[in-house]
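The shown structure was predicted, so the numbers you read here are calculated from the model rather than taken from an experiment. Only this structure's heavy atoms are used, side chains among them; waters, hydrogens and symmetry mates stay out.
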Amino acid sequence: MSQSPDFDEIIDRVGHHSVKWDGMQGLYGVDPREGIAMWVADMDFRPPACVQKALEEMAAHGVYGYWGDDRAYLAAIGWWMANRHGWQIAPEWVFTTHGLVNGTALCVDAFTAPGDGVVLMTPVYHAFARVIKAAGRRVVECPLVLNDGRYEMDFDAWDAQMDGSAKMLILCSPHNPGGRVWTEAELRGVADFARRHGLVLVSDEIHHDLVMPGHKHHAFPTVCPEQPVVMMTATTKTFNIAGTHSGNVIIADPDLRARFAGRMAARGVSPNSFGLALATAAYSPEGAAWLDALIAYLDENRRIFDAGVNAIPGLHSMPLEATYLAWVDFAGTGMTREEFTARVEQGAKIAANHGPTFGLGGESFLRFNLATPRARVIEAVARLQAAFGDLQ
C-alpha cells in the first residue's frame with residue numbers, strides 16, 4: 001500500500017529552475033521569497049510515488065540511451081483512456097510529441113498552409129495563438145459569450161464570421177482558462193460547425209483528468225464518433241511532470257493520421273525516454289488513486305478561493321468545473337486593468353496570468369493557479385482581500 005500523498009507539504013521551488021517561481025520577478029516584479037506564484041500551469045506537488053519510483057529505477061540503471069519497445073507505454077495509454085474516459089483506442093493511433101504545444105505546432109504544420117486561418121474560441125490558452133502566428137497563419141477569434149458568469153458557445157455568430165479562409169479549429173476541452181466542461185450537446189455543435197466550414201478539428205484535452213466532483217468530461221470521440229478529430233492528451237498536466245515534455249496526439253482517422261505522420265517524420269520528432277517511462281508508470285491503478293486524492297484536494301482549494309474572492313465586491317471567480325485554474329473577473333470594480341493588476345502584483349504580491357494574453361474577452365480577467373498547498377491558497381485570499389480592502 002502506497003503512502004497517501006501530502007499535498008500540504010511546502011516544497012521550496014525557488015532556485016530549482018522552476019519557470020513559475022524563478023521567472024516571476026522578471027515578468028511580474030514579484031519577489032519569489034515574498035510572493036506567491038499562481039501563474040504557470042504546473043503544480044507545487046510531487047507526482048505519485050509510482051512515477052518517482054520509475055525515475056529512480058532509471059537513475060539506478062545509469063544508462064540513458066534511446067528508448068525502444070514501447071508496448072507497455074502504449075498499453076498504459078490504452079488502459080487509461082478506456083478506464084478513465086470510456087474511449088477505446090488502437091496503439092497505432094498514438095503519436096508522441098514533445099508536449100502538446102509541440103503537438104499543436106505539428107497540427108498547424110500538417111493541416112494548414114501559410115496564410116490560412118485557424119479558429120480559436122477565445123479567451124483560450126495563450127500558446128495556441130503564439131504558435132499559429134509564429135507559423136505564418138492567422139488567428140480567427142470566435143469569442144465565447146459570457147452568460148451569467150459562465151462561458152457559452154455562439155455558433156450563429158461564429159458562422160457569420162467564416163469566409164472560407166480558415167482550415168482548422170482548435171477546441172480546448174475542458175476549457176482553459178474558463179474551467180468549463182463542455183456538454184455533449186455543445187461538443188456535437190462543435191462537430192457540426194467544423195463540418196459546415198470544412199475545418200480540421202483538433203481537440204486539446206490535456207485537462208481531461210482534472211474535473212471537479214459533480215462534473216463529467218466527455219472525450220470528443222465518445223460523443224461524435226463520426227467526426228474525424230485529432231485528439232491531444234498527456235500525462236504531464238495530470239501528474240505534474242510537464243518538464244518531461246511528453247504529449248500524445250491520437251488520431252483514428254487514416255487520412256489525418258497519414259498527414260500528421262508525414263510532418264512528424266519531416267520534423268524528426270522522436271520521444272523522450274524519461275517522458276515515456278514516467279507516463280507508463282503514471283497511467284496505472286496507483287496513479288489513478290493519487291489522482292482521485294488530488295481532485296478532492298483541488299476541489300477544496302477551489303471552494304476556499306472562490307468563497308474568499310467572491311466576497312470582495314466587484315470580483316467574480318468563474319465557477320470551476322475542471323482544471324485547477326481560477327479565472328477571476330475584475331470588471332465589477334470599475335478599475336482599469338493597470339490598476340487592478342497593480343493591486344494584485346504590488347499589493348498582494350501574487351503573480352497571476354494577465355487576461356489579455358488569452359485573446360478577446362480576457363481584458364478584465366486574471367488567471368490564478370490553485371494547484372498549490374492549501375496554506376498558500378488561504379494566504380492568497382487574505383492578501384487579495386487586503387489589497388482590495390477599500391471595496392469592502
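- Salt-bridge annotation for Arg180 and Glu152: absent, with no side-chain N of the basic residue lying under 4.0 Å from a carboxylate O of the acidic one.
- Here the side chain of Glu321 pairs a donor or acceptor atom with the backbone of Val181 at under 3.5 angstrom.
- Between His208 and His217, the ring-plane angle classifies as perpendicular under the 30° and 60° cut-offs.
- Between the side chain of His175 and the main chain of Gly178, a donor-acceptor pair closer than 3.5 Å is present.
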Begin with the C-alpha distance, continue with both residues' side-chain angles, and end with the deciding distance and a verdict on side chain to side chain donor-acceptor pair (under 3.5 Å) for Thr122 and Glu141.
CA-CA 6 Å; Thr122 55; Glu141 294 191 68; 3.3 Å; yes
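- Residues in residues 335-366 take part in these ring pair (Phe, Tyr, Trp, His ring centres under 6.0 Å) pairs, two or more places apart or across chains: Tyr28-His354, His126-Phe358, Trp327-Phe358, Trp327-Phe365, Phe330-Phe340.
- At distances below 3.5 Å, not a single donor-acceptor pair connects side-chain atoms of Lys216 with backbone N or O atoms of Pro213.
- A donor-acceptor contact under 3.5 angstrom links the side chains of Ser165 and Arg138, judged on distance only.
- The hydrophobic cluster containing Leu106 does not contain Leu276, counting ILVMFWY residues as joined when their side-chain heavy atoms lie under 4.5 angstrom apart, directly or transitively.
- Formation of a donor-acceptor pair under 3.5 Å by the Thr183 side chain with backbone atoms of Glu186 is found in this model.
- Two different hydrophobic clusters hold Tyr125 and Val40 under the rule that ILVMFWY side chains link at heavy-atom gaps under 4.5 Å.
- The two residues Ala72 and Thr280 have their closest heavy-atom pair at O-CG2, 3.9 Å.
- With hydrogens and angles disregarded, no donor-acceptor distance shorter than 3.5 Å links the side chain of Arg195 to the backbone of Phe193.
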Given side-chain contact (heavy atoms from CB on, under 4.5 Å), test Leu294 with Leu210 step by step and report yes or no.
CA-CA 9 Å; Leu294 171 72; Leu210 300 165; 3.9 Å; yes
Determine, stepwise, if the pair Thr323 / Asn176 fulfils side chain to side chain donor-acceptor pair (under 3.5 Å).
CA-CA 7 Å; Thr323 83; Asn176 167 20; 6.0 Å; no
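- With 3.5 Å as the limit, one finds no donor-acceptor pair spanning the side chains of Glu338 and Thr341.
- The shortest non-hydrogen separation linking Met162 to Cys142 is CE-SG, 3.7 Å.
- Side-chain contact between Asp70 and Thr96: absent, with no pair of heavy atoms (C-beta onward) separated by less than 4.5 Å.
- In this structure, Asp44 pairs ionically with Lys20, as a charged nitrogen and a carboxylate oxygen lie closer than 4.0 Å.
- When the shell of 6.0 Å around OH of Tyr66 is examined, it contains 12 or fewer heavy atoms from other residues, nucleotides or ligands.
- Checked against a 6.0 Å centroid threshold, the rings of His218 and Trp182 do not count as neighbours.
- A salt bridge does not link Asp192 to Arg196: none of the charged nitrogens lies less than 4.0 Å from a carboxylate oxygen.
- No side-chain heavy atom of Ile170 sits less than 4.5 Å from a side-chain heavy atom of Val119.
- Under a 4.0 Å N-O distance rule, the pair Arg267/Asp109 qualifies as a salt bridge.
- Between Asp116 and Phe111 the shortest side-chain heavy-atom distance does not fall below 4.5 Å.
- A salt bridge is defined here as a Lys NZ or Arg NE, NH1 or NH2 lying under 4.0 Å from an Asp or Glu carboxylate O, and Arg13 with Asp42 meets this definition.
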Pair Ser317, Asn310 - check side chain to side chain donor-acceptor pair (under 3.5 Å), show working.
CA-CA 6 Å; Ser317 183; Asn310 290 334; 5.0 Å; no
Using the side-chain contact (heavy atoms from CB on, under 4.5 Å) rule, take His316 and Val309 through it: C-alpha gap first, then chi angles, then the decisive distance, then the call.
CA-CA 7 Å; His316 175 72; Val309 166; over 6 Å; no
side-chain contact (heavy atoms from CB on, under 4.5 Å) between Val202 and Leu169, worked out:
CA-CA 6 Å; Val202 177; Leu169 161 67; over 6 Å; no
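- For Asp12 and Arg33, the salt-bridge test passes: some basic side-chain N is under 4.0 Å from an acidic carboxylate O.
- A 6.0 Å sphere centred on NE2 of His61 holds no more than 12 heavy atoms belonging to other residues, nucleotides or ligands.
- Side-chain contact check for Phe260 versus Asp255: every heavy-atom pair is 4.5 Å or farther apart.
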Quick one, Val51 with Ile241, criterion side-chain contact (heavy atoms from CB on, under 4.5 Å). Give me CA distance, side-chain angles, the key distance, then yes/no.
CA-CA 9 Å; Val51 170; Ile241 51 176; 4.0 Å; yes
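- Ion pairing between a basic and an acidic side chain is recognised when a charged N comes within 4.0 Å of a carboxylate O; Glu286 and Lys53 show no such pairing.
- Without hydrogens or angle criteria, Glu363 side chain to Gly361 main chain gives a donor-acceptor distance under 3.5 Å.
- Side-chain contact, Gln52 with Arg46: no donor N or O sits under 3.5 Å from an acceptor N or O.
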What's the verdict on salt bridge (charged side-chain N to carboxylate O under 4.0 Å, His left out) for Arg188 and Glu226, showing C-alpha distance, side-chain angles and the deciding distance?
CA-CA 10 Å; Arg188 284 191 287 269; Glu226 75 291 346; over 6 Å; no
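- Looking only at atom types and distance, the side chain of Asn83 has no donor-acceptor partner in the side chain of Tyr283 under 3.5 Å away.
- Of the possible donor and acceptor atoms, one in the side chain of Asp253 sits under 3.5 Å from a partner among the backbone N and O of Leu256.
- The closest side-chain donor-acceptor pair between Asp22 and His16, if any, does not fall under 3.5 angstrom.
- Contact check on Lys349 versus Asp31 returns no salt bridge, with no Lys/Arg side-chain nitrogen under 4.0 Å from an Asp/Glu carboxylate oxygen.
- Of the possible polar contacts, none joining the Ser18 side chain to the Val14 backbone as a donor-acceptor pair under 3.5 Å is found.
- For Arg84 and Asp292, the salt-bridge test passes: some basic side-chain N is under 4.0 Å from an acidic carboxylate O.
- Side-chain N or O atoms of Tyr324 include one that pairs as donor or acceptor with a backbone N or O of Ala41 at under 3.5 Å.
- Of all the heavy atoms in Cys172 and Phe128, the pair that sits closest is CB-CE1, 4.1 Å.
- Annotation for Ala371 and Asn369: closest pair N-OD1, 2.8 Å, computed over non-hydrogen atoms.
- Shown here is Asp148, whose CG atom has no more than 12 heavy atoms of other residues, nucleotides or ligands within 6.0 Å.
- Met318 places a side-chain heavy atom less than 4.5 Å from the side chain of Leu146.
- Two rings, from Trp290 and Phe7, have their centers less than 6.0 Å apart.
- In this structure, Arg263 contributes its side chain and Ala110 its backbone to no donor-acceptor pair below 3.5 Å.
- Ile132 has its side chain out of reach of Met168: every pair of non-hydrogen atoms, C-beta onward, lies at least 4.5 Å apart.
- Linking ILVMFWY residues whenever their side-chain heavy atoms come closer than 4.5 Å, directly or via other members, leaves Met121 and Val118 in distinct clusters.
- Contact annotation: the side chain of Ser273 never approaches that of Tyr64 to less than 4.5 Å [non-hydrogen atoms, C-beta and beyond].
- A cation-pi contact links Arg374 to Tyr297, judged by a cut-off of 6.0 Å to the six-membered ring centre and 45° from its axis.
- For the pair Leu171/Asp204, no side-chain contact is recorded, criterion being any heavy-atom separation below 4.5 Å from C-beta on.
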